[in-house]
Amino acid sequence: MTQQTKSGDATRDVLSFTFRHWREEPRYVVLIVATMMVSTLADVFMPVFAGQLVDAIATGGSRDDALHAALVAFALMTGLGLIMIVMRHLAFYGIVELTLRVMGRVAQDAFARVQRFSTDWHANSFAGSTVRKITRGMWALDLLHDTLLLALLPSLVVLVGSMLILGLRWPIMGLVVALSALAYIVMTGFLAVRYVAPAARLANSWDTRMGGTLADALSCNAVVKAFGAETREDERLAWVVGKWQSRTRRVWQRGTNSGTAQFIALLGIRAAIIGTAIWLWWQGRATPGDLTYVLTAYFVIHGYLRDVGMHINNLRRSVNDMEELVAITGEPIGVPDRPGANPIRIGKGEVEFDRVTFHYAGHDEPLYRDLSLTVRAGERVGLVGPSGSGKTTLVKLIQRLYDVTGGQIRIDGQDIAAARQSSLRAQIAIVQQEPILFHRTLAENIAYGRPGSGMAEIERAARLANAHDFIMQLPKGYATLVGERGVKLSGGERQRVAIARAFLADAPILILDEATSALDSESEALIQQAMERLMMGRTSIVIAHRLSTVRALDRILIFEKGRIVEEGDHASLYRKGGLYRRLCDHQGLDFARAERASDLAAE
């Protein structure tokens, strides 16, 4: 697709997006359009009465008649000025309300949509870049509204109105104004869309990349400090900034060239209109007042035409700034709810995979082919296997983060694909290997799984998760802010907060992405003790990276290349001597450590 085609498509998409939101606020749009048209028509008729004023003074008749005619023209001009002021005030009031309402709705809609994009989309996108796309596009709406409603609409009214009034008096003058204005607008639009816009689109992509680079380095500052890599990150950003500067310089230079071309065109239009007026006077077809009218009308037209160039450039800039936001709103949601989906009600928590086939996009072969599995209500099941064998995918499918390619996943006999996703996930508690906390208080983080919980419930969950004691040692206790992603807490502390969150959620199904690796023995013992409490009475699925955590589970499933190759409890699988035995032997030291942790927990 050529750059010209892209520019045309982008302009059409952005304007369609904008008009769609205008339809949500019809009363404000009507108010703005009506008041701006009345205000602008006052501008259009002002030169008419200016000409009458000059003719009244220049006419050789009675001074009293001349004074009366001049005062009438003067009063009409003053009245038009007052009308223009009042109408513009109302229009600006309307544009403030319209813009704030649309900007707020656009930001909320974009956020809601991004929240519902697939996990793959989020894994492949910089959070900082996404934020930049949304905020830049949101603020571009302000400029777009001003350009369309307060600038281009009045300009169009002035040009058409002046052309008609002049054309009714002198057809040749109307033709000169019409052809000059049309040529100028076409030239300005061509320069903006075909010459400046492609360069602006590339500059915006580097602006987005710069935001992503900043966010990436700042969110990983602990790693930067650990490797003394501040200078390296400075150089990385400097390279991106250099690219952004070169692309932005080209946009600004092209904008300057476009502006110069517009001024040259305006000089030609001035010569054409004033020259035609002089010719009409020479032919005896125009009075001094008529010349005053033409000159005054020209100055009004010239001002609006000059501004049309700026407005078209502003339109181009706002379209470019909104392109990525509009593209986000056009992205398909990763896993949409089916039409008419109902909330799911999970009681016992039995999970059944019925001949499930699943194929990752871009992979030649499916990961699962006709996988059948039942996790009984209240059963504790461990998932074991090499990386890439399908353990994590299994729990993602239970949460319906992906849709299966074939077969069904049922919970308590209900097909999860027919259920509302929010209700499904609200009844599945998950403790991740690397728990993510919000930069909010500890109390807010624990209560996230059940909003509105009281402090007594929050503290009870924290005690069950062995988190209460360390929380109370913090200066502000449960009111302590944990930092971005919980960076102010240790790994073991974050894990216990996540377990407390799962306790408070009190969901019938529990997923544990085993998280005791790289912890000291005391933290590991506390977390394992809390996890044992958490699993009691719940259908529990444990992804086991360290096999010491699955020995006491009811059943262990051994995955290899998307298939369950072994199944049973720890003792039977170890005696069998298959893949599970080999994995255990590789982790012999972990077993000794696990024995010590279990003893410590028992004490």
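Fair warning: this is a prediction, and the values are worked out from it, not measured in the lab.
Using a cut-off of 4.0 Å between Lys/Arg side-chain N and Asp/Glu carboxylate O, Asp506 and Arg538 are scored as salt-bridged. Between Asp554 and Arg380 there is a salt bridge, with a side-chain nitrogen of the basic residue lying less than 4.0 Å from a carboxylate oxygen of the acidic one. In summary, Arg355 and Asp370 engage in a salt bridge, as defined by a charged side-chain N under 4.0 Å from a carboxylate O. Electrostatic pairing of Asp569 and Arg555 does not count as a salt bridge here, judged by no charged N lying under 4.0 Å from a carboxylate O.
Every residue meeting the salt bridge (charged side-chain N to carboxylate O under 4.0 Å, His left out) condition with Arg376, not counting sequence neighbours, appears here in chain and number order: Glu379. Applying the salt bridge (charged side-chain N to carboxylate O under 4.0 Å, His left out) criterion to Arg369, with sequence neighbours excluded, gives Glu365. With sequence neighbours excluded, the residues that form a ring pair (Phe, Tyr, Trp, His ring centres under 6.0 Å) with Phe17 are His21.
Ring orientation note: the planes of Trp239 and Trp206 are nearly perpendicular, at an angle over 60° on the 30°/60° scale.
Screening residues 474-494 for ring-ring contact (aromatic ring centres under 6.0 Å, His included), with sequence neighbours left out, gives His468-Tyr478. Note on residues 443-456: pairs passing side chain to side chain donor-acceptor pair (under 3.5 Å), not counting sequence neighbours, are Thr441-Glu444.
Between Ile458 and the choices Leu504, Leu442, Ile471, the side chain to side chain contact (heavy atoms under 4.5 Å, CB included) rule is met once, by Leu504.
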Below 3.5 Å, can you tabulate the donor-acceptor pairs from side chains in residues 107-115 to any protein atom, sequence neighbours excluded?
unit_1 : atom_1 : unit_2 : atom_2 : d
Arg113 : NE     : Thr329 : O      : 3.1
Arg113 : NE     : Glu331 : O      : 2.9
Arg113 : NH2    : Glu331 : O      : 2.7

